[in-house]
Amino acid sequence: MKHSIRLLFLLLIGLQSFGQETVFKIRKDSSNSAMKTLFKPHKLTSIGVSLQSQMLFGKGGPERSMGFQVHLNNKLSLGIASFNSNPRNDDPNRYEDEPRRRFNALTMEITPLANKVFHLSFPLAIGRIQEEAPLINYPHYAGTAYQPLPYRQAHDRFSNGPRALGVQPGINLEVNLFKYVKVFGGANYRFAFGEEKTDGMAKAAGTIGVKVGVFDYRKKR
């Protein structure tokens with residue numbers, strides 16, 4: 001019995017000493033070493049804003065686009081853009097003309113070496129593609145003939161047309177023309193997803209454009 005009591009007493013003393021040493025080590029480790037992470041966020045050192053205008057040439061005819069971007073550290077750009085196909089000829093005898101399309105999207109662009117005179121950028125646009133309803137300007141009349149409606153009577157030519165999700169990656173060669181002006185040219189491909197997508201919504205296109213703005217405004221320390 002005495003041996004059992006002594007053994008239990010020595011065991012309690014050992015556990016107490018081990019617990020104190022473990023707590024001391026944990027406290028020491030947590031105070032002297034910082035957490036390590038896989039990704040380290042970059043400090044924001046510069047910011048900028050710009051307006052962008054471009055033309056796309058490819059399947060379905062040309063498109064014009066206007067966009068706005070915010071530039072972070074002169075490498076990552078976030079913004080919005082709207083792509084619109086050029087107005088078609090609304091001659092009532094031209095039923096085979098390509099329908100108008102609109103692509104409103106959020107944009108992201110990565111430019112690793114933006115301070116070089118010639119450099120590459122990698123844009124990405126994700127948004128909604130809309131196509132005008134078939135024969136929107138030519139409603140059925142008298143059972144056989146189609147007659148054009150005046151342009152201003154069409155409240156929204158895209159309201160009843162098919163819609164789809166658009167994803168448009170690309171690559172551009174940019175040139176720093178002036179401090180506040182860049183020109184670019186490149187290529188992209190627009191993917192279309194959804195039950196209402198049409199063959200004309202997906203397209204490969206070449207692009208040329210210009211950006212005007214402040215791209216690399218450095219914050220004062």
Side-chain angles (χ1 to χ4, degrees), residues 41-89 97-132 157-158 164-193 198-220:
H42 292 281
K43 185 177 180 181
L44 184 62
T45 58
S46 74
I47 193 169
V49 294
S50 69
L51 294 175
Q52 174 177 301
S53 176
Q54 62 179 317
M55 287 290 295
L56 275 63
F57 303 93
K59 176 184 175 183
E63 291 185 9
R64 62 190 186 280
S65 169
M66 290 295 297
F68 173 80
Q69 289 184 321
V70 175
H71 304 271
L72 306 176
N73 291 344
N74 205 23
K75 291 185 178 181
L76 175 66
S77 302
L78 304 173
I80 56 175
S82 180
F83 301 81
N84 294 271
S85 59
N86 283 349
R88 71 179 188 179
N89 188 341
D97 282 350
E98 192 75 17
R100 296 183 185 180
R101 297 184 183 90
R102 179 170 63 191
F103 178 39
N104 295 328
L106 299 175
T107 63
M108 179 180 72
E109 189 169 3
I110 298 174
T111 312
L113 301 172
N115 289 328
K116 300 287 187 180
V117 176
F118 297 91
H119 55 268
L120 295 176
S121 65
F122 304 90
L124 174 66
I126 301 176
R128 183 174 66 173
I129 306 172
Q130 295 175 279
E131 188 174 284
E132 67 177 346
R157 65 178 61 252
F158 300 102
L165 171 66
V167 179
Q168 180 176 291
I171 181 171
N172 292 329
L173 174 63
E174 287 190 350
V175 182
N176 294 337
L177 202 60
F178 302 103
K179 184 176 181 180
Y180 304 111
V181 180
K182 298 174 181 279
V183 294
F184 62 90
N188 56 56
Y189 191 90
R190 183 178 302 164
F191 298 90
F193 303 95
T198 64
D199 293 338
M201 289 181 177
K203 60 181 294 184
T207 180
I208 57 173
V210 59
K211 298 178 184 179
V212 179
V214 177
F215 304 98
D216 192 19
Y217 178 76
R218 298 279 174 171
K219 298 193 305 179
K220 295 181 179 179

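For the pair Tyr180/Ser50, no side-chain contact is recorded, criterion being any heavy-atom separation below 4.5 Å from C-beta on. A 4.5 Å side-chain heavy-atom check between Ile47 and Leu72 finds at least one atom pair inside the cut-off. Side-chain contact between Phe103 and Asn84: absent, with no pair of heavy atoms (C-beta onward) separated by less than 4.5 Å. Side-chain contact check for Ile126 versus Leu165: some heavy-atom pair is nearer than 4.5 Å. Side-chain contact between Leu76 and His71: absent, with no pair of heavy atoms (C-beta onward) separated by less than 4.5 Å. Here the side chains of Ser77 and Phe215 are not in contact, with every heavy-atom distance at 4.5 Å or above. Between Gln52 and Met66, the closest side-chain pair of non-hydrogen atoms is not below 4.5 Å. At least one side-chain heavy atom of Thr111 sits under 4.5 Å from a side-chain heavy atom of His119.
Taking CD of Glu132 as the reference point, atom OG of Ser85 lies at 7.5 Å (rounded to 0.5 Å). Interatomic distance, Phe122 CZ to Ile171 CD1, rounded to the nearest 0.5 Å: 4.5 Å. Taken to the nearest 0.5 Å, the NZ atom of Lys203 stands 6.0 Å off from the CG atom of Leu56. Note: Asn172 CG to Leu120 CG = 9.0 Å, rounded to the nearest 0.5 Å. In this structure, Ile110 CD1 and Ser121 OG are separated by 10.0 Å, a value rounded to the nearest 0.5 Å. Glu174 CD to Lys182 NZ: the interatomic distance, rounded to the nearest 0.5 Å, is 5.5 Å.
When the shell of 6.0 Å around NZ of Lys59 is examined, it contains more than 12 heavy atoms from other residues, nucleotides or ligands. Within a 6.0 Å radius of OH in Tyr189, more than 12 heavy atoms belonging to other residues, nucleotides or ligands are found. Counting non-hydrogen atoms of neighbouring residues, nucleotides and ligands closer than 6.0 angstrom, the CE atom of Met55 exceeds 12 such neighbours.
Checking Asn74 against Ser46 by side-chain atom types alone, no donor-acceptor pair falls below 3.5 Å.
Closest non-hydrogen pair, Met201 versus Ala164, comes out as SD-CB, 3.6 Å. Scanning both residues, Asn188 and Pro169, for their nearest heavy atoms gives CB-O, 3.2 Å.
Between the Asn73 side chain and the Lys43 main chain, a donor and an acceptor come within less than 3.5 Å of each other. Under a 3.5 Å cut-off, the side chain of Asn176 and the backbone N or O of Lys116 do form a donor-acceptor pair. Between the side chain of Thr107 and the backbone N or O of Gly79, at least one donor-acceptor pair lies under 3.5 Å.
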Go through Phe57 and Thr207 one step at a time and tell me if the side chain to side chain contact (heavy atoms under 4.5 Å, CB included) criterion holds. CA-CA 6 Å; Phe57 303 93; Thr207 180; over 6 Å; no
Stepwise side chain to side chain contact (heavy atoms under 4.5 Å, CB included) check, Arg218 with Thr45: CA-CA 6 Å; Arg218 298 279 174 171; Thr45 58; 3.7 Å; yes
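None of Arg101, Arg190, Gln54, Arg100 except one satisfies the side chain to side chain donor-acceptor pair (under 3.5 Å) rule with Glu63; the exception is Arg190.
A cation-pi geometry, defined here as NZ or CZ lying under 6.0 Å from the six-membered ring centre and within 45° of its normal, holds between Lys211 and Phe184.
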